[in-house]
There are 2 protein chains.
Amino acid sequence: MTHPVGGPAFEDLTARARIRDAALRLFAERGIEGATIRDIAKEAGVSSGLVRHHFGSKHALRDACDAYMLERLMRIKEDAVLKGGMADPGMLLNLHPTVLLGYRYFARAMVDGSPGAASTFDDMVRLTQEWLAANDKDHVTADPQGYAAVLVAMQSGLLVMHDHVSRALGADILGPEGNLRLIGAIVDFYSHALLSPELAAQAHAALDQLRAQQPPTAAEPGSAGEGAGDDRGDSR
Amino acid sequence: MTHPVGGPAFEDLTARARIRDAALRLFAERGIEGATIRDIAKEAGVSSGLVRHHFGSKHALRDACDAYMLERLMRIKEDAVLKGGMADPGMLLNLHPTVLLGYRYFARAMVDGSPGAASTFDDMVRLTQEWLAANDKDHVTADPQGYAAVLVAMQSGLLVMHDHVSRALGADILGPEGNLRLIGAIVDFYSHALLSPELAAQAHAALDQLRAQQPPTAAEPGSAGEGAGDDRGDSR
DNA sequence: CGAAGGGCTATACGGTTATGTAATCGACTG
DNA sequence: CAGTCGATTACATAACCGTATAGCCCTTCG
């Protein structure tokens with residue numbers, strides 16, 4: 001049993017809240033398949049039957065976690081999202097345990113089939129489109145929806161990859177030192193274009209050509225003589 | 001049992017290859033916890049004992065999948081990575097089933113504790129740093145490692161979020177129509193800076209100040225009077 | 001021919017899982 | 001006081017899991 005998610009002391013929480021918090025932690029760490037009801041119950045200091053009593057089923061527990069964490073994060077994030085869209089690098093600079101757990105939880109939930117994570121993604125794409133509509137004076141894109149989806153996916157994806165990034169930087173990006181460094185790198189990344197306008201124009205022209213043709217053929221590169229030895233004669 | 005990953009017909013593959021291919025598909029779709037040996041065996045048209053015979057254990061099977069798919073993708077991608085680093089948007093434009101499955105597989109593996117995926121990430125960060133060293137004439141960053149980690153994480157993270165992006169765009173981004181559209185959006189994204197130099201300078205100044213101070217305090221925003229009602233009096 | 005080895009199946013084993021259920025306890029109300 | 005309700009535990013159930021194993025069949029080689 002570990003420390004609570006900010007707020008009241010562990011002993012002061014209802015069993016229901018302790019279960020939910022334990023679930024948030026373990027779902028974030030192991031995903032919904034890897035986290036078991038028994039482990040969640042143990043971490044909450046209750047029996048597994050009580051998990052069932054309060055939440056009914058594992059998926060319902062996950063849905064309750066989605067809803068709870070969404071509501072908490074929305075309260076914190078609402079202003080930032082409405083004001084800056086997803087482009088605001090400062091929005092990551094919040095190291096409160098609840099927020100950090102929320103990041104971890106939703107990062108994992110994004111790939112675990114969570115309905116709450118999916119709807120969060122869709123909401124953020126929509127909000128980013130709205131932000132673009134209000135702010136895109138330079139006409140950076142002819143496809144605001146696609147652009148918004150890419151922006152949201154990359155920003156979310158960065159969090160999903162947090163373990164790897166932390167390893168690469170040698171510090172937890174969801175901790176003080178690593179987070180400052182991460183934000184510095186994000187600022188550099190967002191403040192420079194990676195492609196010149198000329199290359200971009202060429203790429204768009206090529207894409208337009210491809211659209212006018214058949215879709216790219218599915219020939220496997222280097223497929224001549226490849227694979228047969230690997231897939232047929234492979235012996236143990 | 002579905003079609004093979006390009007190459008020979010299903011019946012022409014050894015059982016070992018069929019098992020490996022089935023594992024790649026199911027691991028990509030469900031993760032290592034969600035995909036069972038029995039389902040993999042069934043999809044490969046063999047008994048579960050044969051999976052054990054050929055691969056020993058589930059984790060060894062996953063390691064074999066890592067190694068196989070890495071080798072296959074490296075062969076395809078080696079030139080592209082060495083030439084353009086991770087900045088080349090055209091590198092996604094490859095719709096061969098093996099490559100697409102590799103994207104799906106590694107996207108999932110990135111969050112499933114796969115050693116192969118982790119080392120792939122680290123390799124790509126290193127390669128991107130080398131590319132920066134050779135190409136960064138504009139001095140876009142004082143922290144090449146951080147920048148490279150962010151760039152790789154965002155690009156990889158975009159793939160990890162492929163289900164969500166596909167839903168937002170209304171087409172599979174790992175299919176012909178969605179992929180073209182995705183690349184168009186990526187081109188737009190990479191060809192424009194999202195932050196002005198002024199804002200970036202301000203952000204860096206603020207980050208330097210924060211580094212000189214204590215790390216950000218962990219006060220919860222809006223914590224006054226919050227949480228007690230939720231966590232104590234919550235009744236079912 | 002027999003022996004060896006590889007491919008393969010069917011089944012067993014021990015453990016774990018989510019879900020279901022009966023019983024107990026304490027607090028509250030009429 | 002008895003009854004009700006909510007919180008909680010302990011245990012049961014059916015299904016599933018990864019791993020282990022014995023045995024059969026076929027091919028190759030000496």
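All values below were derived from every heavy atom in this structure, side-chain atoms included, with hydrogens, water molecules and symmetry-related copies excluded. Each chain gets a letter, A, B and so on, in the order its sequence line appears, and its residues count up from 1. Bear in mind that the values here come from a model prediction, so they are computed numbers and not experimental data.
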Rounded interatomic separation in angstrom, taking [atom1] from [X] and [atom2] from [N]:
X       : N      : atom1 : atom2 : result
A:Asp63 : C:dA18 : CG    : C1'   : 16 Å
A:Phe55 : D:dA7  : CZ    : C1'   : 13 Å
B:His59 : D:dT19 : NE2   : C1'   : 14 Å
A:Ile19 : D:dG6  : CD1   : P     : 16 Å
A:Asp39 : C:dG15 : CG    : C1'   : 14 Å
A:Arg16 : D:dT9  : CZ    : C1'   : 19 Å
A:Lys58 : C:dT16 : NZ    : C1'   : 11 Å
A:Leu50 : D:dA10 : CG    : C1'   : 12 Å

Quick check for you: among [options], whose closest atom lies nearest to any side-chain atom of [X]?
X       : options               : value
B:Ser57 : D:dT9, C:dG7, D:dT19  : D:dT19
B:His54 : D:dT9, D:dT8, C:dC8   : C:dC8
A:Thr36 : D:dC11, C:dA18, D:dT8 : C:dA18
B:Ile37 : D:dG18, C:dG7, C:dT19 : D:dG18

> Toward the 5' end of DNA chain D, which comes first, A:Ser47 or B:Ile32, by nearest nucleotide?
Replying inline: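 Result of the comparison: A:Ser47.
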> Within the structure shown, what part of the strands sits under 4.0 Å from B:Ala41 by heavy-atom distance: base, sugar-phosphate, or nothing?
Replying inline: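 Nothing, no nucleic acid heavy atom in range.
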> So what does B:Ala60 hit on the nucleic acid, given a heavy-atom distance under 4.0 Å: a base, only sugar-phosphate, or nothing?
Replying inline: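 Here B:Ala60 touches no strand at all.
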Atom pair [atom1] ([X]) and [atom2] ([Y]), whose distance is rounded to the nearest 0.5 Å:
X        : Y        : atom1 : atom2 : value
B:Ser47  : B:Ile37  : OG    : CD1   : 11.5 Å
A:Asp112 : B:Glu33  : CG    : CD    : 10.0 Å
B:Ile173 : B:His164 : CD1   : NE2   : 11.0 Å

> For DNA chain C, whose closest nucleotide is more 5', that of A:Gly34 or that of A:Gly49?
Replying inline: A:Gly34
>> When you measure only distances, ignoring hydrogens and angles, does the side chain of B:Arg38 come within 3.5 Å of the base of D:dG18 through a donor and an acceptor?
In response: yes
> Salt bridge check: are A:Arg104 and A:Asp172 linked by an N-O gap of less than 4.0 Å?
Replying inline: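 Between A:Asp172 and A:Arg104 there is a salt bridge, with a charged N closer than 4.0 Å to a carboxylate O.
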>> Can you tell me which residue among A:Thr120, A:Asp66, A:Asp63 is in a side chain to side chain donor-acceptor pair (under 3.5 Å) with A:Ser114?
In response: A:Asp66
>> At less than 4.0 Å, is any side-chain N or O atom of A:His53 found next to OP1 or OP2 of D:dT9? Yes or no.
In response: no
